[in-house]
Amino acid sequence: MPLPFFYGWLIVVVTFVTMAIGVNARTAFSLFFPPIIGEFGWDRGVTAGAFSFGFVVSGAVSPLIGRMMDRFGPRGVMQLGVALMGGGLLLAPLTTQPWHLYLTIGVLVGAGSVCLGYSGQSLFLPNWFIRRRGLAMGLAFAGVGIGSVTLLPWVQHMIEQTGWRTACTAMGILVLVVLAPINLLLRKRPEDIGLLPDGDAAPSATSAAPRSNVVDPVWVNTDWTLRRALRTARFWWISLGYFCGLYIWYAVQVHQTKFLLDVGFSANVAVWALGVVSLLGIPGQIWLGHLSDRIGREWIWAISCAGFAICYAALIALKFAPVLPLVYLMIFTQGALGYGLTSIIGAVVLEIFQGNQYGSIFGTIMLAALAGGAAGPWATGLLYDLSGSYTSAFAIGIAVSILSAVAIWRASPRKVRAVAGQMHKRQIKSEAG
């Protein structure tokens, strides 16, 4: 029986729930971190290294996940992610040695998070929408913010009441019980179940031909394999833009709390600031995703990068004037603007390299992105150790923000496919030609 709504919106709901649980199940390591150190007395570096090692694993398996998506589709990839993450969380409470943590939280949860997180979802969700692609992805990825303000407090409460092992086990059960069944609803593209993107009706013999969003027919008609994509400047511009994008994201996310404490703010203000950034990211992702369908992906990437640049500038200013208005500016520009990057991270690549090997291409690009996510916190910490100040690191963050925006403009997805809000301009040019 036909649904009363487009099946693609059900895909968005499944992705929303998956992101809310899957991404925050990995983030919950920061809550497990203090009681694990308290129980075992391990060095902080050794213990935190399990999470960092998971980041390395995520980057290493990202291209493989892309190839698996091309071959098996989202149900196979998501169920693999559920099994890996759920298994890692259920086995972690058995930890007695550091290497146990590296195997469970690092390898299993880290690899599972690639499937269930931004990378995995961006491999198929953009297929379901064209005109409302940015809005759909913004809505779906807002699940991360909702999960962070609902799931993480519950985990913290459970840790305080019953211990980290019980909380970790509960997270593993939640991943398996909720995500395994709902991800059976996924399909890779609407054509797989006889539908068209955005829920459009199939054209009849008497209906007008649908307007094409193709700007560069030669590029679009190319059979984009990974090998062929690697030989294009656009591939490397996107890789650079994504590397820089995750660099600026994670550099500030990891270091801002310690910085705020260093310049004299209370622990309550520092923790509150981090939480409000996530909250502001929810409407920010949705609004900027929707706006990208109107004005283009490059503009939104530039706006988000500008948000991070202003955020870094505010942090530099806070060293000299530690006042709350600058904290508010830093929070708003980072969350409401900067987090908009996620709403178009899949759309940019799809609109340039759409084809049967899109998953392999996107997965390889995400290898560069995850490298940026790992490099940002490390380089920022190293620069602080060398100089005794965050000022130079934050100044580099501004420069990297600008470089990221420039790189996506050079990749120019608008010159391959037009977004819905710019279709009229393409129509006018076609009629003039």
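A quick note: this is a predicted structure, and the numbers were derived from the prediction, not measured.
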Review point. So, Asp198 side chain and Arg131 main chain: donor-acceptor pair closer than 3.5 Å or not?
Key: yes
Point to revise | Non-hydrogen side-chain atoms of Leu176 and Leu90 separated by less than 4.5 Å | key: yes
Review point. Is the shortest heavy-atom distance from the side chain of Phe6 to the side chain of Phe129 under 4.5 Å?
Key: yes
Practice item. Can you see which heavy atom on Ile159 is nearest to which on Pro35, and at what distance? Key: CG2-CG, 4.1 Å
**Study point:** side-chain contact (heavy atoms from CB on, under 4.5 Å) assessment of Leu139 paired with Trp9
**Key:** CA-CA 10 Å; Leu139 286 167; Trp9 293 114; 3.9 Å; yes
Point to revise | Sub-4.5 Å side-chain heavy-atom contact between Ile300 and Arg297 | key: no
Revision key, fill the gap. Closest heavy-atom pair, Ile408 versus Pro413, reported as atoms and distance to 0.1 Å, is O-CD, 3.9 Å
Practice item. Please report the shortest heavy-atom distance between Ala347 and Met137, naming the atom on each side. Key: N-SD, 4.1 Å
Check your understanding: With distance as the sole test, does Glu298 use its side chain to make a donor-acceptor pair with the main-chain N or O of Arg414 at under 3.5 Å?
Key -> yes
Review point. Between the main-chain N or O of Val23 and the side-chain N or O of Tyr118, is there a donor-acceptor pair closer than 3.5 Å?
Key: no
Study note, to complete from the structure: From the list Phe394, Tyr390, Phe259, ring pair (Phe, Tyr, Trp, His ring centres under 6.0 Å) partner of Tyr384 resolves to Tyr390
Exercise for review: Indicate the atoms forming the closest heavy-atom contact of Arg26 with Ser113, along with that distance.
Suggested key: NH1-OG, 3.0 Å
Check your understanding: According to the interplanar angle, ranging from 0 to 90°, do the rings of Phe33 and Phe29 count as parallel (below 30°), tilted (30 to 60°) or perpendicular (above 60°)?
Key -> tilted
Check your understanding: Does Trp378 CH2 have over 12 foreign heavy atoms under 6.0 Å away?
Key -> no
Check your understanding: With under 30° as parallel and over 60° as perpendicular, where do the rings of Phe353 and Trp224 fit, or are they tilted in between?
Key -> perpendicular
Practice item. For Arg71, look at atom CZ and say whether over 12 heavy atoms of other residues, nucleotides or ligands are found less than 6.0 Å away. Key: no
Point to revise | Contact summary for Gly307 and Leu337, nearest pair of heavy atoms | key: CA-CB, 3.9 Å
Review point. Do the side-chain N and O atoms of Thr96 and His100 include a donor-acceptor pair separated by under 3.5 angstrom?
Key: yes
Exercise for review: Provide the closest heavy-atom pair for Thr95 versus Thr104 in the form atom of the first, atom of the second, distance.
Suggested key: OG1-OG1, 4.4 Å
Practice item. May I ask you to decide if Arg187's main-chain N or O and Trp128's side chain share a donor-acceptor pair within less than 3.5 Å? Key: yes
Exercise for review: In sequence, state the C-alpha distance, the side-chain angles, and the governing distance for Met69 and Phe362, and then conclude on side-chain contact (heavy atoms from CB on, under 4.5 Å).
Suggested key: CA-CA 10 Å; Met69 183 68 72; Phe362 182 81; over 6 Å; no
Review point. How far apart are the C-alpha atoms of Ile316 and Ile398, what are their side-chain angles, what is the distance that settles it, and do they pass the side-chain contact (heavy atoms from CB on, under 4.5 Å) test?
Key: CA-CA 10 Å; Ile316 293 173; Ile398 295 174; 4.1 Å; yes
Point to revise | Close side-chain approach of Tyr250 and Gln253, heavy atoms under 4.5 Å | key: yes
Exercise for review: Using a 4.5 Å cut-off on heavy atoms from C-beta on, say whether the side chain of Asn213 contacts that of Glu351.
Suggested key: no
**Study point:** Steps toward side-chain contact (heavy atoms from CB on, under 4.5 Å) verdict (Leu151, Leu174)
**Key:** CA-CA 11 Å; Leu151 196 61; Leu174 183 67; 3.6 Å; yes
